[in-house]
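What follows is a single structure, written as structure tokens, with notes after it.
By convention here, the first residue in the shown sequence is residue 1. The figures here come from the full heavy-atom set of this structure, side chains too, leaving out hydrogens, waters and symmetry mates.
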Amino acid sequence: MASRRRVEKKDRQNFDMPRDDKKTSSNGNGQQTLLSLFNRPTSTATSPCTCGWVHGNETTAPNTTTAAAPLRPPKEVDFNILRKPDPRKTVGDVRGIYKVYPQKGCFDLEVFGYTNGKCPHCKSSNIEAKNINPSVKLIYTTGKPRFVQGIGLECQACDGGRWQSYEKTYVDSLSKKQQSELGAVVAGKRNGVDVDIIMQMRVGATASAIARQSLANLTKLHAQWEDEYEENCRIAAERGYDVVERAFPSLEESGLPGFSAKADVITIGLLRDYLSTKDELLRELASLRSEISMAIDHQRKVVKHAVGNDGASSFTVVGDGGILLGYYVVPDDGEQWLKHAMLEMVQRHGAVLKDDLKTVASQGNLPKVIYVDKMCCGGTEGSRADAVRYFYGMLKKLDVFHLIQRIGKEINCEHPRKGDFLKRLSECIFTLVQEDVDALKQARDSGGYNNLTPKQEKADKLRYVRTKIENPERIVSKILVVVKGQIAIDREAKKQSMMAGDACEDINTAHRAYPLITKKILKCVMQQCIHILNGCVHDEFDMNVLTGQSNYRDTLTALDTYTSQRGSNRVEAWHSVADRKVYAITTMRRSLFDARLLWHVTNYNRQRLRNLGRENVLPDGVAPSEGSRRYRSSFVESTNLLFGFSYYDYVTRTEIEAHLQDTILNAIENDEELELEDVFDDDTVTDEESDYDESEDVVLAILPNCFLFLFWLSCVIERFVAE
């Protein structure tokens with residue numbers, strides 16, 4: 001018996017067999033074990049003996065080979081593909097808590113059932129949990145999907161109806177800790193969006209790119225599960241199981257693509273988040289001010305990406321350091337659309353305008369200069385009157401970049417002398433401060449920096465040397481000298497071509513004798529000289545700001561560093577950034593345009609403030625309410641600032657209302673057009689018999705028209721609200 005137990009133990013170690021399996025065995029000495037006696041065949045047919053002895057020859061050695069054990073029964077290895085979890089059944093499992101319930105073969109289930117928030121309608125805290133949500137809400141992520149179960153809530157103080165505990169409006173009333181536990185934006189019956197996706201959208205990612213990232217990560221998860229399945233099959237086979245060969249389900253069959261984030265739901269999540277953060281972002285924008293100057297400009301390129309833009313363009317106001325003070329969408333570049341935006345800008349800086357809206361009664365902190373790309377004067381000599389000279393309390397100045405650009409647009413882009421000519425025009429306008437030039441030269445000499453590249457020399461001038469624009473008459477005289485020099489070069493080039501045998505007749509722009517200064521270009525240059533002589537360009541206030549001192553190229557020589565607040569190149573810098581941000585987006589609705597652009601402006605301003613050395617600046621993509629109070633201590637409490645298409649809707653609606661009012665007033669004044677037609681019938685009353693005032697006829701005639709106008713206006717307003 002001891003021998004039999006040893007053999008059975010050995011068999012179990014070799015084949016991983018159960019203890020009660022019955023197998024024929026030998027004791028190693030040629031004797032059959034007790035186990036073999038119970039398994040003898042019952043058939044009487046002649047067959048070879050398998051007992052291990054050679055009958056008739058007792059001296060033959062027995063067969064000591066152990067019989068092979070058969071394989072285990074067939075086995076199917078589980079795919080281990082996770083599925084959507086089942087919801088909890090009782091209210092107590094969800095109410096008042098946040099908890100994660102693991103489920104075998106499923107993704108984890110998160111329950112979110114806090115009842116200590118406020119009613120989204122009346123802001124009351126008298127809330128009662130009514131019923132458990134029998135379904136599970138899918139939360140889109142860029143990795144593994146999340147599943148959340150909420151609880152139905154009802155306000156006892158109002159008739160606001162019921163809502164789920166994970167609704168965005170309700171979650172906003174909870175503590176930051178509770179909001180972070182949910183970590184998602186859920187609105188209505190649609191699936192939710194994880195806050196990490198919302199954060200990516202805030203900093204500029206596109207919804208389609210995030211959707212592709214989500215599907216890519218789920219594809220990697222599917223490949224991981226497939227590898228784990230193959231490994232489990234291999235291990236089972238090594239242990240003696242007869243593994244059933246089954247093809248692992250494909251990505252589509254696994255159901256994972258249904259859990260990947262969808263671009264349209266991501267966009268809706270951003271818009272829902274924008275409704276919660278819009279007011280605080282506008283208050284952050286309205287808290288920014290400028291001290292030295294402002295610059296304004298229009299751009300069509302970005303707004304054309306919005307659906308239903310109707311040929312609109314953007315209007316941008318930029319202050320010191322390139323900080324954006326306002327970004328608006330206007331029907332066109334007409335000045336009549338800028339009134340509300342500029343009045344808000346004046347009010348923000350504490351200034352008071354006179355009735356003409358041009359000059360100030362009280363300057364406050366309003367900058368004295370504003371740079372424009374047009375409307376600086378009437379375009380003729382002496383046409384810069386006060387009505388044109390001032391723009392909402394600030395002195396208008398023409399940006400030099402746009403002035404030179406007007407000339408550059410008229411010159412053939414392939415002309416070899418175009419770049420040098422425009423550079424010389426710039427040198428005619430700007431004058432370097434000699435004191436700064438001498439200090440820079442001395443620092444270079446002391447450090448042995450006498451062989452700098454042109455790029456390095458330009459960088460030094462921008463940082464250490466101030467520039468001024470003064471004496472318009474002298475500027476114009478310099479420009480005329482440069483133009484005359486170019487005309488002389490044009491004549492010499494033509495002369496040399498003719499001496500070489502070229503008749504120089506009907507030459508094209510690529511010909512070496514084609515002149516740089518044509519009649520068209522000369523006319524444009526003279527027109528810009530009129531702007532200079534009218535005082536549209538030169539400095540009337542110091543536009544250079546001392547920013548500190550710097551050790552010049554490690555020479556131990558400290559030089560003052562300056563930055564210029566002149567011109568509208570800071571607006572052009574923003575235009576290029578905004579163009580890159582929306583370049584990949586073909587079309588988007590107005591609300592999405594406002595949401596994305598407001599976050600772009602916010603992130604752009606924060607980066608600028610950090611570059612200027614401002615402390616307590618929020619990181620990009622973080623809403624003010626999500627950060628510490630120290631970040632928003634300087635924000636205004638409220639503002640009437642409008643942004644993007646919200647401004648467009650306001651100014652166009654105001655224009656319609658003003659037009660309607662004028663139409664009604666004109667109708668009242670023009671009585672003859674509104675007189676009732678004479679009706680001759682038996683009931684006609686003579687003038688002597690009637691005490692009816694004929695002015696009442698005018699009123700009755702006006703009323704139908706007024707009602708029609710009011711009905712039309714209400715339809716227009718409803719359309720704007722719907723959009």
Side-chain angles (χ1 to χ4, degrees), residues 291-293 295 320-323 369 371 397 399-401 403-405 407-408 416-486 488-489 516 532 537-570 572-573 576 607-615:
E291 298 179 1
I292 307 299
S293 66
D320 299 339
I323 302 297
V369 179
Y371 286 90
K397 288 293 180 179
D399 175 47
V400 175
F401 169 78
L403 183 143
I404 297 177
Q405 188 183 47
I407 301 174
R417 288 185 281 126
K418 176 181 178 179
D420 182 69
F421 175 61
L422 297 180
K423 179 181 178 182
R424 290 179 179 272
L425 291 181
S426 177
E427 293 173 350
C428 293
I429 297 174
F430 294 102
T431 301
L432 302 179
V433 177
Q434 192 61 40
E435 177 185 355
D436 298 339
V437 174
D438 295 339
L440 178 59
K441 184 178 182 304
Q442 183 178 359
R444 285 177 177 173
D445 293 341
S446 63
Y449 291 100
N450 297 320
N451 296 317
L452 297 178
T453 63
K455 185 177 181 179
Q456 291 174 325
E457 290 182 352
K458 182 179 180 181
D460 285 350
K461 286 183 179 180
L462 289 175
R463 188 175 188 186
Y464 300 110
V465 180
R466 290 168 290 176
T467 58
K468 293 183 178 181
I469 304 177
E470 50 189 4
N471 199 335
E473 291 79 8
R474 186 176 180 181
I475 294 174
V476 171
S477 64
K478 289 181 180 180
I479 292 176
L480 295 179
V481 169
V482 172
V483 171
K484 289 180 180 179
Q486 295 297 326
I489 296 175
L516 175 69
I532 296 174
V537 176
H538 75 280
D539 294 336
E540 298 188 35
F541 304 96
D542 188 7
M543 292 290 108
N544 299 292
V545 178
L546 177 65
T547 58
Q549 284 190 335
S550 176
N551 181 13
Y552 178 73
R553 298 185 182 275
D554 297 328
T555 60
L556 301 181
T557 301
L559 292 179
D560 292 335
T561 56
Y562 302 93
T563 182
S564 174
Q565 303 302 329
R566 182 190 300 111
S568 62
N569 56 335
R570 40 195 160 161
E572 303 301 330
S576 62
Q607 184 61 48
R608 287 277 181 170
L609 291 171
R610 285 191 289 266
N611 294 339
L612 294 173
R614 176 78 67 86
E615 297 180 354

Nearest heavy-atom contact between Ile532 and Pro472 is O-CB, 3.3 Å
Taking every non-hydrogen atom, the tightest pair across Thr561 and Leu546 = O-CD1, 3.4 Å
Residues passing the side-chain contact (heavy atoms from CB on, under 4.5 Å) test with Asp436, sequence neighbours excluded, are Val433, Val465, Arg466, Tyr562
Does one side chain, of Arg566 or Thr467, offer a donor that lies under 3.5 Å from an acceptor on the other?
-> yes
Between Ser568 and Tyr371 the two heavy atoms that sit nearest each other are N-CB, 4.4 Å
Where do Gly408 and Lys418 come nearest, in terms of heavy atoms and distance?
-> O-NZ, 3.1 Å
Residue pair Ala558 / Gln549: nearest heavy atoms and the distance that separates them = CB-OE1, 3.9 Å
Ring pair (Phe, Tyr, Trp, His ring centres under 6.0 Å) contacts touching residues 428-451 (sequence neighbours left out) = none
Mind listing the closest non-hydrogen atom pair of Cys428 and Val482 along with its distance?
-> SG-CG2, 3.6 Å
Check side chain to side chain donor-acceptor pair (under 3.5 Å) between Asn471 and all other residues, then give those that pass, not counting sequence neighbours.
-> none
Can any side-chain N or O of Asp539 pair as donor or acceptor with the backbone N or O of Ile469 at less than 3.5 Å?
-> yes
Compare all side-chain heavy atoms of Phe541 with those of Ile292 and state whether any distance is below 4.5 angstrom.
-> no
If we ignore angles and hydrogens, is there a donor and acceptor under 3.5 Å between the side chains of Gln442 and Asp438?
-> no
How about Gln607 and Asn611: does a side-chain donor come under 3.5 Å of a side-chain acceptor?
-> yes
Hey, which of Arg570, Lys397, Gln565 is the one that makes side-chain hydrogen bond (donor to acceptor under 3.5 Å, both in side chains) with Ser293?
-> Arg570
Considering only heavy atoms from C-beta outward, does the side chain of Gln434 approach that of Val437 to under 4.5 Å?
-> yes
